[in-house]
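To start, the structure itself, in structure tokens.
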Protein chains: 2
Amino acid sequence: MNDPYSTSWHRDKTLFTPGPLTTSLSVKQAMLHDAGSWHYEFHKVVNSIRDRLLAIAGVEREKDGYEVVLLQGSGTYGVEATLASAVPETGKVLVLSNGAYGERIIAMLRLMKVDFDVIRTAEDVPPDPSAVENTLRQNPDLTHVIMVHCETTTGIMNPIHEVGRIVREQGRQFIVDAMSSFGALPISFQDGCIDYLISSPNKCLEGVPGFTYVILRRALLEANRGHQRSLSMDLLHQMEYFEQKGQFRYTPPTHTLLAFHQALLEFEEEGGLPGREKRYRHNHAVLMEEMTRLGFRAHLDPSIQSPIITSFHFPDDPAFEFKKFYMLLSDQGMIIYPGKLTDTECFRIGNIGRIFEHDIRQLALAIERALKIMGVTLT
Amino acid sequence: MNDPYSTSWHRDKTLFTPGPLTTSLSVKQAMLHDAGSWHYEFHKVVNSIRDRLLAIAGVEREKDGYEVVLLQGSGTYGVEATLASAVPETGKVLVLSNGAYGERIIAMLRLMKVDFDVIRTAEDVPPDPSAVENTLRQNPDLTHVIMVHCETTTGIMNPIHEVGRIVREQGRQFIVDAMSSFGALPISFQDGCIDYLISSPNKCLEGVPGFTYVILRRALLEANRGHQRSLSMDLLHQMEYFEQKGQFRYTPPTHTLLAFHQALLEFEEEGGLPGREKRYRHNHAVLMEEMTRLGFRAHLDPSIQSPIITSFHFPDDPAFEFKKFYMLLSDQGMIIYPGKLTDTECFRIGNIGRIFEHDIRQLALAIERALKIMGVTLT
């Protein structure tokens, strides 16, 4: 078989996706090492990652009672492990859903046989914090609330801080899926009253995929001791193993972790979150400028649009065919992302990863050329 | 913090462990690419991996009805996902345990609330196939049997083929954890009547860690539709997604997969399983020769010892201290593995990975030197 990545003439295409992303060469080069997963030198790297993640979150172990747990698997595993480790058998979860990732949480809860309620809004409508407040007041059996910060289905920003304060006031626990936002958009654990936050190394922190992490209030996880549902997805014992032995319970993705450590150093070099946010916001502004110039319409109102990933409507011209459009961009070395909306034909463009203004400008030129080849005109 | 892997003077230590292992530079270099997980070029690599794994297993899709499912996470996730996807609520599992990995399966089943029985033998005693036969005859409620092929707790080889034939005769399903043996030791899916086999890319196939895979009889997995317990650990829908969309359901560890594809090409270059087995058996023979020369005693009888990993008793000299011994070897650039036996003080040496005779000879010299420094004599 023809492995396009291992041929000598291959050059990587630029990824305008929600992740896995284009990363720096130095991040990938950090994987040119075989580390012993039981070795003290490797444990130093793991512990440095844990410390740095807490620093990015702006929380401290002793003062604030937060801890971070790394877990093998994709981000979805992190969300499932959090629910499996945080919610007791008698618990009931309120899910705020306005996209595919909210619906995925519902699918998880169903399979785990955990009771839940849903506040569902349209894919372009953020949940209303006062609706959350009413639902919590009327349903004292609800114990946890979970929501997605940046829904990559559309790219919408959901109001986690406003909702979090209500959840805390109402004495429930608050879980945030911050997969595509952590590290690039300010999140206040204290103001947002966040009890559990799940994210991924291969999003705004620009590492490579292979594990997930959860930043959590230690005491809450410990209070749920004895209610774990799965060995692999048990955050409590994973946390205790890190604390007692300095390592993962089961084989960690050693190379991915070495890459992530390098990615964190480069994140700090860029000025930490403010530096990363500035570049992404600029990338996004350039993307909107170029796409508007070309006549594309973004799906979301700018007031709720994240600077991470953007959904654009298909052009209103029968000559437009997404598959062909995608391939014409791929042939020019650029990879965009299909849409995920249930009722509107969209494609998505991500502007995170090791991507700069000139990459966005080049993408716009490639799009212009692809439209010309397809004979598509935008009005 | 001081990251020992990213300093300019760092050279990797050689890993004499059960994995993660020392891999070839070319396998690691295959990770110097960012692949789009939704992109057709990456799907080609994933599908080539799936085809090659079935070829190594010696089974065919159409003719034999086997399929392979890749899953994010460590090998432990593969075992848990198999149990979670194969065993219905009314199922009952017979676990054959003679080590830590057998016990881990029991821990999984407990948390999943799946009913089970155990045939437990001492850590240096393989299960007796006739005991399995009797237990199955006497307990018609048992639906599945699971065992570990090579228990890395000791390095013992368990008789999967003999047990498998009995399980099939008795009309039950047979699950094999072949984490540390697949690719290096002959396994006959037909003779051993194997229904599900779980393994890992970072063992005898010499890839890097980050996912796991299960080779399984399609029809059995499909027959258990509707009995899944977890979204992340659902092998059925993972399989269907590969078949329908050519890709993982959730973000795959793209770099790890590129490395594994390269590792499979190098496996084929070495002559496939016979070539790999030959090198490992030679490595092991040299290890036994050298360790015997130094006066060490292996824990297992040679008739049940695998050529993968070997447990050696601590020298009977109070001057021996494992931690110091470990560090003296580490300082010489070699990493061995601690013991895992419940009642005997042992350390373990693995001889798999990109390891050759000269590496084993050098390890023996380093051990000799460490003993001299510690003032340990072996009789």
Side-chain angles (χ1 to χ4, degrees), chain A residues 1-6 12-13 15 17 19-23 25 28-39 41 44-45 48 72-77 80 104 107-108 111-112 200 202 208-210 228-234 250-256 258 261-262 330 335 337-338, chain B residues 1-6 12-13 15 17 19-23 25 28-39 41 44-45 48 72-77 80 104 107-108 111-112 200 202 208-210 228-234 250-256 258 261-262 330 335 337-338:
Chain A
M1 103 106 198
N2 159 26
D3 170 0
Y5 300 93
S6 65
D12 290 350
K13 294 174 178 172
L15 304 175
T17 69
L21 304 164
T22 295
T23 65
L25 180 61
K28 291 184 282 286
Q29 281 172 335
M31 293 190 281
L32 294 176
H33 295 286
D34 294 312
S37 59
W38 202 87
H39 197 60
E41 289 171 317
K44 274 192 194 171
V45 178
S48 164
Q72 301 92 328
S74 75
T76 295
Y77 287 56
E80 183 166 337
R104 190 179 288 179
M108 282 175 197
L111 284 168
M112 280 192 259
S200 159
N202 65 300
V208 306
Q228 280 68 42
R229 291 173 170 80
S230 152
L231 191 74
S232 306
M233 303 243 161
D234 175 352
Y250 312 127
T251 305
T254 43
H255 303 77
T256 302
L258 294 178
H261 190 257
Q262 178 61 29
S330 167
I335 296 183
Y337 220 59
Chain B
M1 101 108 200
N2 159 25
D3 170 1
Y5 299 92
S6 64
D12 290 351
K13 294 175 179 172
L15 304 175
T17 70
L21 304 165
T22 295
T23 64
L25 180 59
K28 292 185 280 288
Q29 281 172 334
M31 293 190 281
L32 294 176
H33 295 285
D34 294 313
S37 60
W38 202 87
H39 198 59
E41 289 171 317
K44 274 192 194 174
V45 177
S48 165
Q72 300 92 330
S74 76
T76 295
Y77 288 55
E80 182 167 337
R104 190 179 287 180
M108 280 175 200
L111 283 168
M112 277 192 260
S200 159
N202 65 301
V208 307
Q228 281 69 40
R229 290 172 170 80
S230 151
L231 191 75
S232 306
M233 305 244 162
D234 175 352
Y250 312 128
T251 305
T254 42
H255 303 76
T256 301
L258 294 178
H261 189 256
Q262 178 61 28
S330 167
I335 296 183
Y337 220 60

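Proteins come first, then strands; the chains are lettered A, B, ... in the order of their sequence lines, and each starts at number 1. Since the model is a prediction, treat every value here as computed from it, not as a measurement.
Of the possible donor and acceptor atoms, none in the side chain of His33(B) sits under 3.5 Å from a partner among the backbone N and O of Asp12(A). In this structure, the side chain of Gln72(A) does not engage the main chain of Pro253(A) through any donor-acceptor pair within 3.5 Å.
Taking Gly19(B), Pro252(B), Ala35(B), Gly73(B) one by one and counting their heavy-atom pairs under 4.5 Å with chain A, the maximum is reached by Ala35(B). Of the listed residues (Met112(B), Arg229(B), Gln29(B)), the one with the most heavy-atom contacts under 4.5 Å to chain A is Arg229(B). Note: Pro338(B) leads Pro338(B), Ser200(B), Gly210(B) in heavy-atom pairs under 4.5 Å with chain A. Contacts with chain A were tallied for Lys28(B), Lys13(B), Met31(B); Lys28(B) has the most, counting heavy-atom pairs under 4.5 Å. The candidate with the highest count of non-hydrogen atom pairs below 4.5 Å against chain A, out of Gly75(B), Ser330(B), Ser230(B), is Ser230(B). Here Thr23(B) is the residue among Thr23(B), Leu25(B), Asp234(B) with the most heavy-atom pairs under 4.5 Å with chain A.
Two rings, from Tyr77(B) and Tyr77(A), have their centers less than 6.0 Å apart.
For chain A, the nearby parts of Thr251(B) are the backbone and the side chain; heavy atoms of each come within less than 4.5 Å. Residue Gln228(A) touches chain B through both its backbone and its side chain, counting heavy-atom pairs closer than 4.5 Å. Heavy-atom distances place no part of Thr17(A) under 4.5 Å from chain B, backbone and side chain included. Ala30(A) does not touch chain B: none of its heavy atoms, backbone or side chain, sits under 4.5 Å away. If you measure heavy-atom distances from His39(A) to chain B, the contacts under 4.5 Å come from both the backbone and the side chain. At a 4.5 Å heavy-atom cutoff, the contact between Leu32(A) and chain B is made by backbone and side-chain atoms alike.
Taking CH2 of Trp38(B) as the start and CD1 of Ile335(A) as the end, the distance is 10.5 Å to the nearest 0.5 Å.
What you find for Arg104(B) and Leu231(A) is that their closest heavy atoms are CG-CD2, 3.5 Å.
Looking at Glu80(B) and Ser232(A), their side chains do bring a donor and an acceptor atom within 3.5 Å of each other. Using modelled atom types and a 3.5 Å distance limit, the side chains of His261(B) and Ser48(B) yield a donor-acceptor pair.
Between Asp34(A) and His255(A), the closest side-chain pair of non-hydrogen atoms falls below 4.5 Å.
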